[in-house]
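Here is how names work: the chains are called A, B, and so on, in the same order as the sequence lines, proteins then strands, and each is numbered from 1.
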Amino acid sequence: MNIFDRLMQIDRRWVFLFLVILCVIAYVADFQIPILIEPEVESIFTFIDTLPKGSVVFIPMDYDPGSMAELHPMTYAIVEQCWRKEIKVLITALSQNGPGMADQALRDIADSMLVPKTYNGVSYPAREVVNGVDYVFLGYKPYPALVILAMGQDFRLPFPLDYYGTPVDSLPMMRGLHNYNDLACAINISGTNATDYWISYGQGRFGFPLAIGVTGVSTAQYYPYLGSGQIFGIMGGMLGGAEYEELADNPGNAKDAMRVQLFAHLVIIAFVIMGNIGFFATVRKRKRQQREGR
Amino acid sequence: MKQQIPRILVFIFGIFLIFQFFVPHESSEWVFEYLLDWNIIIGVFALAVGIWSLFKVHVEKIRTHKVGWQYSYITLGALLSMLIFGFTSRNGDEWGWFFVFWLSAVMVLLMIIQAMAAKGNTLMSVILAGAFAVIAVIIGAADNAWAFHFQTAEPLQATMFRRSFDFVLISIHATMFSLLAFFIASAAYRAFRARNVMATLLLLSALIVMSRFNPYLEPIFGEYLARTSNWLMNVPNLAAQRAIVMGVGLGIVATALKVILGIERGYMGKG
């Protein structure tokens, strides 16, 4: 077996080992990689950044712990941006494990708000965010398509109580907030096909401004909706989260994890190139042997 | 009759909901709201049926000693544990006898499973299940350190429910998802070979799209890499995705019509 045959048949355990070593090095190393901003992410940031105080941004968090590495950073960056700018946030979670994710994110971001911060040169004082005033978390209901349609009539139909069991009508933020017409926009962060429902049954029927944050593997399938104007922005996977953190000047887990992702991609590209070198050399050798055989 | 009543119901509700979608009249919306409540009620029943089905499948697995039958105990034990954590919360800072109660309740379940799965004498399992049930009931009635909450969302904020989610479920899901990276790396190495024109196009597109996020390649390729990548996403990808989306949409309409008109009867367990 020559070197080219070996290049084609590297044991997958070597691939795993290289990947682990480089990922660990990238994770522990202390350097930042520059993030290139794409217009589809910038449009979401600009939309929220230009909203007046007191506007309501709706964030359906439809993802499970499996996709939290990619999607949690987007949630953290957007919700903190909203709260720092005194924009109210309405939240639902239409995937089974979504309520736990949303609850965890809200606790963490509320803690972060207790510290004064400076983002993009603007200083924001510490403040305590109050449930029912700064945000309302409506929770989970099954059958996302029907829940989305029902919320188009009134949020109270599927959610008479919020996640914490408080009647929605008793929450100050919900006064005058009935359906999608009362929102500035919705930003669906999803690791499931709930995004399809938000586009078809939500934006398609009720026409509110919608942006999405999805996992890296799903990003490509939602570009048609960006082209048609049904959504005004896409954040795709870890990179989308890192771009948002860069724009918000609020570096978090996504920017950190981009180091690991970049090195993992380099390992994959290197192995693909090695495999193809071996493949072409073997094909060439076989052809030469066939010619000589004749 | 068993066949016709479901078909008539599906026809009536299917046709009504198609028209309701396009009629924003108050009365049509009132009926839709009413049907939403039905939907949630049916969902709750489906959940109960699902749990019962899960229980039966795992008991059968234990009874017949299928591969990995031991894990069925863990699955059912975890199911009951999360139910208990989701319906209980502490009254103060003390745990009291909560963990003894929890362990007794889990043991009751395990003994019931053992009795159902055993092929011989089940008397000992039944006696033990009864004994653990008595312990659980006594602790549940007498211990004031914690309480059951069936009608409120209080336990969702309770320590055990949150910790189980934050430190068990999240870790398990994240671990499973992380493993994908290794399989993707291995699969990419084996599958991305330039065997023919189509495979070469796929390979080049994948390399360009993967590399567009690489800031260190920008000084070498300038903005050509990003431009080519954006073109790939916005032109060929968009065209293909549109075709798929429209095809899927038409397929959904055709399937829905077949179900409503009673041609497709797979939902009744028959084709």
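Of the atoms belonging to Glu243(A), not a single heavy atom falls under 4.5 Å from chain B. For chain B, no part of Ala264(A) is nearby; none of its heavy atoms comes within less than 4.5 Å. If you measure heavy-atom distances from Phe32(B) to chain A, the contacts under 4.5 Å come from the side chain alone. For Glu38(A), the part lying near chain B is the side chain, with the backbone staying farther off; criterion is any non-hydrogen pair under 4.5 Å. With a threshold of 4.5 angstrom between heavy atoms, Arg162(B) approaches chain A through side-chain atoms but not through N, CA, C or O. Looking at Tyr201(A), the atoms closer than 4.5 Å to chain B (heavy atoms on both sides) all sit in the side chain, from C-beta outward. Residue Ala69(A) does not touch chain B at all, counting heavy-atom pairs closer than 4.5 Å. For Asn97(A), the parts lying near chain B are the backbone and the side chain together; criterion is any non-hydrogen pair under 4.5 Å. Proximity to chain A is absent for every atom of Leu47(B), based on heavy atoms less than 4.5 angstrom apart. Looking at Phe182(B), the atoms closer than 4.5 Å to chain A (heavy atoms on both sides) sit in the backbone and in the side chain alike. For Asn237(B), the part sitting under 4.5 Å from any heavy atom of chain A is the side chain, from C-beta outward, and nothing else. Only the side chain of Leu36(A) comes within contact range of chain B, with heavy atoms under 4.5 Å apart. Neither the backbone nor the side chain of Met176(B) comes within contact range of chain A, judged by heavy atoms closer than 4.5 Å. For chain A, no part of Val44(B) is nearby; none of its heavy atoms comes within less than 4.5 Å. With a 4.5 angstrom heavy-atom cutoff, Val20(A) touches chain B via backbone and side-chain atoms both. Heavy-atom distances place the side chain of Gln104(A), and not its backbone, under 4.5 Å from chain B. Contact of Ile10(A) with chain B is made through backbone and side chain together, with heavy-atom distances under 4.5 Å.
Under the 6.0 Å distance and 45° angle rule, Arg205(A) counts as a cation-pi partner of Phe21(B).
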Let's go through Met151(A) and Thr92(A) carefully: what are the C-alpha distance in whole Å and the side-chain angles of both, what is the deciding distance for side-chain contact (heavy atoms from CB on, under 4.5 Å) to 0.1 Å, and is it a yes or a no? CA-CA 11 Å; Met151(A) 284 192 289; Thr92(A) 56; 4.0 Å; yes
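The aromatic ring centres of Tyr71(B) and His58(B) sit 6.0 Å or more apart. Taking the centre of each ring, Phe177(B) and His173(B) stay at or above the 6.0 Å mark.
Annotation for His149(B) and Ser89(B): closest pair NE2-OG, 3.0 Å, computed over non-hydrogen atoms.
Checked by atom type, the side-chain pair Asp64(A)/Ser95(A) shows a donor-acceptor distance below 3.5 Å. There is no side-chain donor-acceptor pair under 3.5 Å between Glu245(A) and Tyr76(A).
Ring orientation note: the planes of Trp14(A) and Phe18(A) are tilted relative to one another, at an angle of 30° to 60°. Ring pair Phe155(A)/Tyr180(A) is perpendicular by interplanar angle, where above 60° counts as perpendicular and below 30° as parallel.
Interatomic distance, Arg195(B) CZ to Phe280(A) CZ, rounded to the nearest 0.5 Å: 10.5 Å.
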